[in-house]
Amino acid sequence: MCADGERWLRIPLSPALPSLLRQPHGNTLTRNIPDKPTLDGLEAKWDSRWESAGTYRFDRTKTREEIFSIDTPPPTVSGSLHMGSVFGYVQTDAHARYRRMAGNEVFYPMGWDDNGLPTERRVQNYYGVRCDAGLPFDPDFTPPTEAHDPPVSVSRRNFIDLCHVLTAEDEKVFEDLWRVIGLSVDWTQTYATIDHHSRRTSQKAFLRNLERGEAYSQEAPVLWDVDFQTAIAQAELEDREKGGSYHKIAFRRQDGSPLYIETSRPELICSCVALVAHPDDDRYGELFGSTVSSPLFGVELPVVAHELAEPEKGTGVAMICTFGDTTDVIWWRELDLPTRSVIQHNGRFQSEMPEWLDGDGATVYSELAGLFPNQARRKMAELLAESGDLDGEPRQIMHPVKFYEKGDRPLEIITSRQWYIRNGARDDDLRKEMLGRGEELNWVPDFMGVRYQHWVDGLNGDWLISRQRFFGVPIPVWYPVKAAGEVDYDNPIVPAEAQLPIDPSSEVPAGYDESGRGRPGGFVGDPDIMDTWATSSLTPQIAGHWDDDPDLFGRVFPMDIRPQGPDIIRTWLFATTVRAHFEHGVLPWHTGTINGWILDPDRKKMSKSVGNVVTPMPFIEEVGAEAVRYWACNGRPGTDTAIDLGVMKIGRRLAIKILNASRFALSFSESDVDPSTITESLDKSMLGELSEVVEQATNAFERYDYARALEVTERSFWNWTDDYLELVKTRAYGEGPGAESAHAALQFGLSVFLRLFAPFLPFVTEEVWSWWKEGSVHRAVWPSAAELADYTGDADVLAITSQVLGVVRRTKSDAKVSMRAEVDRISVIGSEHQIRLVKDGESDLREAARASAIDYSEGEFAVEAELTSS
RNA sequence: GGGCGUUUAGCUCAGUUGGCUAGAGCACUGCCCUUACAAGGCAGGGGUCGGCGGUUCGAGUCCGUCAACGCCCACCA
């Protein structure tokens, strides 16, 4: 795109030139307005000029009161570029541009979220590699040009290098998109969640959480993705409806009679630790305290009582396994049951014979060893059918199954040691404090606050931040290895803050040397990394340089707004709130603006799995960046918005209209006209109406309602071109005070419109601004009623004159004659006041209507036009 | 099962604290090459504001209820 953008290029306004050329009063640069203004190429032209002029550079000498700071969402660079990527960012940009013009110094950095699993997965697929932490580093490894098939194994360090290479490429693609779409970010203020500064900030914040007891490690059952082989957090869960089948299975009471349970996971009978029924369930009351034996394995199991057992579900008796689902974890913990787990980290049944099995049970188990759960399930169903313990045929059902949101196989629950940060789930006081933070935040739109509240109310565990992966910020601790060789997890060795960032798998704690790694009396490094949210929950601290630039941090933090999508309230917004609450004792921002969803043209939510992801570049190429921006800014705050090429085309038409109307408005004089020459009441009326528009647009922006600001500006602008420009045209082509008044009013009006549109249509407004003004429209002062006050008149003059003109047009249209057709007379009936208003605009009205005379009489308002018969 | 949001013209959407015959654009129809604009301009037709019931002098707007759609949450036996 933008290939021939410079075909009518003029001498650029170098930042150095204006001071040489500027005259004491106004600006005398010769205008160079193209005969055929075009939108083509404006994106590239102005992006590079803004960059070289530093138009959006942040001035850090400003005070906190003057600064407006934005906690920009760092896009996941390994994710797909889709229309949702531009939607929310453009809305934020419009607000940033408004703030900048309204007098704030805007802190608008950009980050890239590049660490974490999404990048690893993309690297695996892109290059056809897999990370094998056991392999040695290969210094001669070069990134493959084509994906290996089948995948080759590479060392951890080579793998991480590939992650860096690919994310650098991905970040360039994103930056290019942001530039084309016109985001006014300060490109000197960028960060990446894997970079040195972010790792340092992330580790420092973690160590402080650890020191204050807000972070801890614990050996416990966790939700586990068997493909990625990592623990995941509650916030990353999603339920999917999956088919399954209930198996009705007989356990044996002491007297040999069957006790039936129903389960969708018969393969876990071997890890069963108890059966459970509701304490008030009379059917089973006598069994509490006794034992039953499991089918095939013959393990004696207690029958226990717990409120969570639902009498209506299945037979009313459930088997408790370690662990089949999250309810099992609750029962296991609250009833103090033993652990009998058989599923390994790779998702397969362990090969070693479980110690609680012997005899026939061991023989049965040997058939399950090494299988995946779904394979073991079929095997168990066969075996149970053969032994007669399966009652009837399995019953097909659909039920919700927990998945990792990025995963393909159901989660398992596996016991392992993990790191957690407290979030209020296990501490009522902290939960109340976090709910209080949610109430404190100014939510835009306000109903979004409910989502936060529900999430915090529903938390059922602390925040699990450790991941058994590679491309991320390492957990910055080591552990002593006791003389007996066991690792002392309870006494982690921490680095000094000055040492950060560290990688405990390659660096050595103070007082040790490398030879002690993994040896009794020595140390081991924590092998895990932190989840990406553990770092991106610190974006205000990272972007504001909490770690290394307290002066800057004091000027931007707490930030003014956090713009983001509704889906990550539970993750990003909540986690950021937790971290700031712990570290700084404040809410990290004043306002949270939550954008809506992007729906595809059929009003379906876009998602990769559905395959309806729409990428922005084809739209930008077809209608231009500003048309896409116009569409994005038409989406109300927090409102789901469908991708609509039609809306974009309206935006394009608006931008073209601005070019053409500007060309007309600026065609009458070579220099700025003094607004004190505005004397005609129609002109003053127009400025009076504009004054109201300015007020409405400003109020809307103050409420973060960019869409409303655009709407009132746009409506007024079309009236301006349709009515005012037509009314004033003839007078403007003439000479004398009337013409001068028109010229000045046209310029003044245009100047106001360009500034009102600048947040939405940054390229075309800047282009027109450059025709006759110095500097950037984006650093021009936001229009105000005060600025217009000396030149305004009764807005009703223009309104009623336009209305009369409308009647004349309709008359001509009905008569199927040209708009240039002559009108003999217009008769206006109205109140004394209305008549006076029309008379104020009469001469312009007669020219525009081509009417030779206007008759007036008092009465109920009515207008009639009498065409000259031809 | 709970919560939030949406439902206004064929389509995409406005309608701020309840106030005169409900608005815009697209699409459709008619007219017009008028010296800013024909990838345009001007004008026109088109809606019992999801259903039902309330409050009110007055309801698209407030309350209740039902329905459809979307999203979020919920202990997978």
Side-chain angles (χ1 to χ4, degrees), chain A residues 33 35-37 237-242 244 246-247 261-265 268 275-276 308-310 313-321 324-331 397 399-402 410-411 413 445 447-451 453-455 457-458 460 566-567 569-570 596-597 599 601 603-605 631 634-636 638-647 649-654 656-667 696 699-700 703 705 707-708 711-712 714-715 718 721-722 725-726 729 733 805-806 808-821 848 850:
Chain A
I33 303 173
D35 286 339
K36 272 281 188 190
L237 282 182
E238 90 185 10
D239 281 354
R240 296 183 198 162
E241 279 292 322
K242 288 286 170 185
Y246 278 157
H247 302 69
I261 61 127
E262 276 200 310
T263 180
S264 61
R265 301 201 64 180
L268 289 178
L275 299 191
V276 63
L308 282 181
E310 293 180 32
K313 258 189 181 172
T315 62
V317 185
M319 70 170 181
I320 303 173
C321 309
D325 63 33
T326 51
T327 318
D328 284 342
V329 178
I330 297 171
W331 283 325
I397 52 154
H399 61 164
V401 178
K402 289 202 187 310
L411 292 168
I413 295 171
F447 65 80
M448 290 290 184
V450 177
R451 299 192 182 201
Q453 193 191 325
H454 285 171
W455 176 251
D457 277 336
N460 57 28
D567 50 331
I569 289 172
R570 65 179 183 169
W597 283 114
L599 309 173
R603 300 204 58 76
K604 295 266 167 31
K605 182 185 161 188
W631 160 77
N634 254 282
R636 255 59 190 174
T639 301
D640 295 351
T641 303
I643 293 171
D644 189 339
L645 186 63
V647 174
K649 284 181 172 169
I650 298 163
R652 180 175 174 85
R653 203 166 60 112
L654 172 63
I656 292 171
K657 191 78 172 177
I658 290 172
L659 285 176
N660 288 319
S662 300
R663 195 171 107 79
F664 170 75
L666 297 175
S667 62
Q696 286 176 35
N699 290 341
R703 298 192 310 268
D705 193 351
R708 181 76 183 165
E711 186 194 348
V712 298
E714 185 186 7
R715 191 195 310 137
W718 282 106
T721 59
D722 290 350
L725 260 51
E726 291 303 325
K729 192 176 275 182
Y733 278 121
L805 181 61
V808 174
R809 283 172 174 160
R810 184 159 52 238
T811 306
K812 291 179 179 178
S813 192
D814 289 347
K816 305 193 182 221
V817 298
S818 161
M819 288 299 144
R820 299 172 77 190
R850 301 190 172 252

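The chains referred to below are lettered A, B, ... by the order of the sequence lines, with proteins before strands, and numbering in each begins at 1.
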Is any side-chain N or O of Lys657(A) under 3.5 Å from a base N or O of rC37(B), one able to act as donor and the other as acceptor? yes
Polar atoms only, N or O, under 3.5 Å: list the protein pairs with nucleotides 21-28 of chain B and their distances.
none

So does Glu714(A) pair up with Lys657(A), basic N to acidic O under 4.0 Å? no
Between rC75(B) (P) and Asp239(A) (CG): distance, integer Å: 8 Å
Please answer whether the main-chain N or O of Asp325(A) pairs with a side-chain N or O of Asp328(A) as donor and acceptor at a distance below 3.5 Å. yes
What residues, two or more places apart in sequence or in another chain, satisfy ring-ring contact (aromatic ring centres under 6.0 Å, His included) together with Phe664(A)? Phe668(A)
Taking atom P in both rA38(B) and rU34(B), what distance in whole Å separates the two? 11 Å
Can you list the residues that meet the salt bridge (Lys or Arg N to Asp or Glu O under 4.0 Å) rule with Arg653(A), with sequence neighbours excluded? none
rC72(B) phosphate, OP1 or OP2: any side-chain N/O from Arg451(A) under 4.0 angstrom? no
How would you label the contact of Lys729(A) with the nucleic acid (heavy atoms, under 4.0 Å): base, sugar-phosphate, or nothing? base
Reading 5' to 3' and counting Watson-Crick or G-U wobble pairs with both distances under 3.5 Å, write the dot-bracket notation for RNA chain B, | for bases paired outside the strand. (((((((..((((.....[...)))).(((((.......))))).....(((((..]....))))))))))))....
Is any side-chain nitrogen or oxygen of Lys402(A) closer than 4.0 Å to OP1 or OP2 of rA74(B)? no
Expected output: side-chain Thr639(A) to main-chain Gly635(A) donor-acceptor under 3.5 Å: no
Write down the distance separating the C1' atoms in rU29(B) and rC4(B), rounded off to the nearest Å. 43 Å
Lys816(A) side chain: which of rG30(B), rC32(B), rC42(B) is closest? rG30(B)
Contact class for Ser662(A) vs. all strands (heavy atom < 4.0 Å): base, sugar-phosphate, or nothing? nothing
List the residues meeting side chain to side chain donor-acceptor pair (under 3.5 Å) with Lys649(A), not counting sequence neighbours, and say none if there are none. none
Side chain to side chain donor-acceptor pair (under 3.5 Å) filter on Arg809(A), not counting sequence neighbours, yields Asp723(A)
Any residue meeting side chain to side chain donor-acceptor pair (under 3.5 Å) with Arg265(A), in chain and number order, not counting sequence neighbours: Glu267(A), Glu412(A)
Selection from rC75(B), rG15(B), rC13(B) that lies nearest to any side-chain heavy atom of Thr326(A): rC75(B)
C1' atom, rC63(B) versus rG18(B): distance in rounded Å? 13 Å
If you compare all heavy atoms of Val647(A) against all heavy atoms of Trp631(A), which two are closest, and at what distance to 0.1 Å? CG1-CA, 3.8 Å
Could you work out the separation of rU6(B) and rU61(B) based on their P atoms and round it to a whole Å? 13 Å
Once you apply a heavy-atom cut-off of 4.0 Å, does Val817(A) come out as touching a base, just sugar-phosphate, or nothing? sugar-phosphate
Is Lys36(A) near enough to rA38(B) that one of its side-chain N or O atoms lies under 4.0 angstrom from OP1 or OP2? yes
Could you tell me whether Ala700(A) contacts a base, only the sugar-phosphate backbone, or nothing, with contacts defined as non-hydrogen atoms closer than 4.0 Å? nothing
Per the atom types in the model, does the base of rG30(B) pair as donor or acceptor with the side chain of Ser813(A) at under 3.5 Å? yes
With the side chain defined as heavy atoms from C-beta on, Ser264(A) is closest, among rC76(B), rG41(B), rA43(B), to rC76(B)
Nucleotide rG40(B), atom P - distance to CE of Met819(A) in whole Å: 18 Å
Which is true for Glu310(A) with a 4.0 Å heavy-atom rule: it touches a base, it touches only sugar-phosphate, or it touches nothing? base
Using atom CE of Met448(A) as one end and atom C1' of rU6(B) as the other, report the distance to the nearest whole Å. 12 Å
In chain order, what residues pass the side chain to side chain donor-acceptor pair (under 3.5 Å) check against Asp722(A), with sequence neighbours excluded? none
Proximal nucleotide (of rG15(B), rG70(B), rG3(B)) relative to the Arg708(A) side chain: rG15(B)
Write down the distance between CG (Leu654(A)) and P (rG40(B)), rounded to a whole number of angstrom. 13 Å
From Met319(A) atom CE to Leu268(A) atom CG, the distance as rounded to the nearest 0.5 Å: 5.5 Å
Nearest non-hydrogen partners of Leu725(A) and Ala661(A), listed with the distance: CD2-CB, 4.1 Å
For nucleotides rG10(B) and rG47(B), find the distance between their P atoms and express it as a whole number of Å. 8 Å
Residues in salt bridge (Lys or Arg N to Asp or Glu O under 4.0 Å) contact with Lys729(A), at least two apart in sequence or another chain: Glu726(A)
Could you give the CD1-to-P distance, from Ile569(A) to rG3(B), as a whole number of Å? 18 Å
Mind calculating the distance between CD (Glu726(A)) and P (rG40(B)) to the nearest angstrom? 16 Å
Expressed in whole Å, how much space separates the C1' atoms belonging to rA39(B) and rU21(B)? 37 Å
Any base atoms under 4.0 Å from Lys313(A), or only sugar-phosphate, or nothing? Heavy atoms, all strands. base
From NZ of Lys242(A) over to P of rC76(B), roughly how many Å is that when rounded to an integer? 17 Å
For Arg636(A) and rG5(B), give me the distance from atom CZ to atom P, rounded to whole Å. 18 Å
Nearest listed nucleotide, side chain of Asp640(A), among rU34(B), rG70(B), rC4(B): rG70(B)
Suppose you measure atom C1' in rG15(B) against the same atom in rC52(B); what distance do you get, rounded to whole Å? 24 Å
What nucleic acid atoms does Glu714(A) come within less than 4.0 Å of, heavy atoms only: base, sugar-phosphate, or nothing? nothing
Judged by each residue's nearest nucleotide on RNA chain B, which is more toward the 5′ side, Glu241(A) or Ile261(A)? Glu241(A)
Which is more 5' along RNA chain B, the nucleotide nearest Arg703(A) or the one nearest Tyr246(A)? Just name the residue. Arg703(A)
Quote, to the nearest angstrom, the P distance that separates rG46(B) from rG41(B). 24 Å
